[in-house]
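Down below is the structure, laid out as structure tokens.
Reminder, nothing fancy here: chain letters follow the sequence lines and each chain counts from 1.
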There are 2 protein chains.
Amino acid sequence: MQKNNLYKGSLSTIVLKLLTDNGKMYGYQITREVEKITAGQLVITEGALYPTLHKLEAKGLLNVEIKKVNNRPRKYYFLTENGKKESLNLLNEMRAFIRNLDVLLNPEFL
Amino acid sequence: MQKNNLYKGSLSTIVLKLLTDNGKMYGYQITREVEKITAGQLVITEGALYPTLHKLEAKGLLNVEIKKVNNRPRKYYFLTENGKKESLNLLNEMRAFIRNLDVLLNPEFL
DNA sequence: TATAAATACCTAAGCAATTTAGGTATATTT
DNA sequence: AAATATACCTAAATTGCTTAGGTATTTATA
């Protein structure tokens, strides 16, 4: 997330959106995917991501499935039913947030 | 800012943008203006705003001018030269931020 | 073939931007 | 007269992150 305060608060929503689109993902994969989608502009630090995944799991929004790939464990996360509902809510909040920032940056279009 | 984590980190940029557009503003006026522009969706708490104004002043980005209106003091804030430069920087960062959130929410348009 | 880089997970202290919950005081509306 | 709006303020607590570590295996490179 690197130096930019603006992203603070958006990580959970971003994670839920990625899992909505991709079904199952593991932590490291999430960091790669976000960098890819934003062309390297947004880098999720692991110190932020892993605690967030654990928090979403503790809230009952995510479930985990551990798979061994190349003899190394991967923790695949996927949305619970509650997670799907909450994902929709948070995505709507984020859309409203973006709209509000847009009008604040361009008040002449009011 | 009410319950929505997303706005965390955006307050300084919003304040600088308002002062860029309006020249001089006082704290209470800023809270009214943001509510007006966002149709009541974004409410700046005073506990967030006043420390932010003081911080921006301490950084040399804002100057203050106290005026008595109806026997009550108002503190009008306005951008310094450095404040104008920093405002442009932060606004560009915010535009990049919005673009990144947009592609994360709509990766199909990549 | 040794070493570095990538993959894959993790935690904990510290920091910064908020929220929450107060406070003071005057002007205006009900 | 009382409530609401105006107008400023602070400080403890909370929260979401950064920073800075840690472990271990696999793959690429010099």
Calculate the interatomic distance between R74(B) atom CZ and dC8(D) atom P; express it in whole Å. 8 Å

Nearest whole angstrom, please: distance from the C1' of dC8(D) to the CE of M25(B). 16 Å

Can you tell me whether the side chain of R72(A) and the base of dT7(C) have a donor-acceptor pair closer than 3.5 Å? yes

On DNA chain D, compare the nucleotides closest to N70(A) and S12(A); which residue's is nearer the 5' end? S12(A)

Checking all strands, does G9(A) fall into the base, sugar-phosphate, or nothing category for heavy-atom contacts under 4.0 angstrom? sugar-phosphate

Whether R32(A) engages the ring of Y28(A) as a cation-pi pair (distance to the six-membered ring centre under 6.0 angstrom, angle to the ring normal within 45°) should be assessed. yes

Is any side-chain N or O of K75(B) closer than 4.0 Å to OP1 or OP2 of dC9(D)? yes

dC9(D) phosphate, OP1 or OP2, under 4.0 Å from Y50(B) side-chain N/O: no

Hey, does the side chain of N4(A) reach the backbone of L6(A) with a donor-acceptor pair shorter than 3.5 angstrom? yes

Find the distance K67(B):NZ to dA7(D):P and express it as a whole number of Å. 13 Å

Donor-acceptor pair, side chain of T80(A) and main chain of N63(A), under 3.5 angstrom: no

Round to the nearest Å and state the distance from E35(A) atom CD to dT7(C) atom P. 10 Å

5' priority, DNA chain C, between Q29(A) and K8(A) [closest heavy atom]: Q29(A)

Starting from the 5' end of DNA chain D, give me the residue, K55(A) or E46(A), whose nearest nucleotide shows up first. K55(A)

Any side-chain N or O of Y26(B) less than 4.0 Å from the OP1 or OP2 oxygen of dA7(D)? yes

Quickly work out the R32(B) CZ to dA5(D) C1' distance and round it to whole Å. 9 Å

In whole angstroms, how far is the C1' atom of dC8(D) from the OH atom of Y76(B)? 14 Å

Out of dT19(C), dT11(C), dT25(D), minimum distance to the side chain of N71(A) belongs to dT25(D)

Any idea which of dC10(C), dT19(C), dC9(D) is nearest the H54(A) side chain? dC10(C)

Assess, by modelled atom type and distance only, whether the side chains of T52(B) and S12(B) contain a donor and an acceptor separated by less than 3.5 Å. no

Rounded distance (Å) that lies between atom P of dC9(D) and atom OH of Y28(B): 15 Å

Should the pair K67(A) and Y76(A) be classed as cation-pi, given the thresholds of under 6.0 Å to the six-membered ring centre and 45° from the axis? yes

Would you indicate what G47(A) reaches in the nucleic acid, counting non-hydrogen atoms under 4.0 angstrom: base, sugar-phosphate, or nothing? base

Any side-chain N or O of N5(B) under 4.0 Å from OP1/OP2 of dG16(D)? yes

For atom CD of E33(B) and atom C1' of dT6(D), their distance in whole Å: 16 Å

Classify the nucleic acid contact of T31(B) as base, sugar-phosphate or nothing, counting any heavy atom under 4.0 Å across all strands shown. nothing

Aromatic Y26(B) / basic K75(B) pairing, under 6.0 angstrom, 45° off normal: no

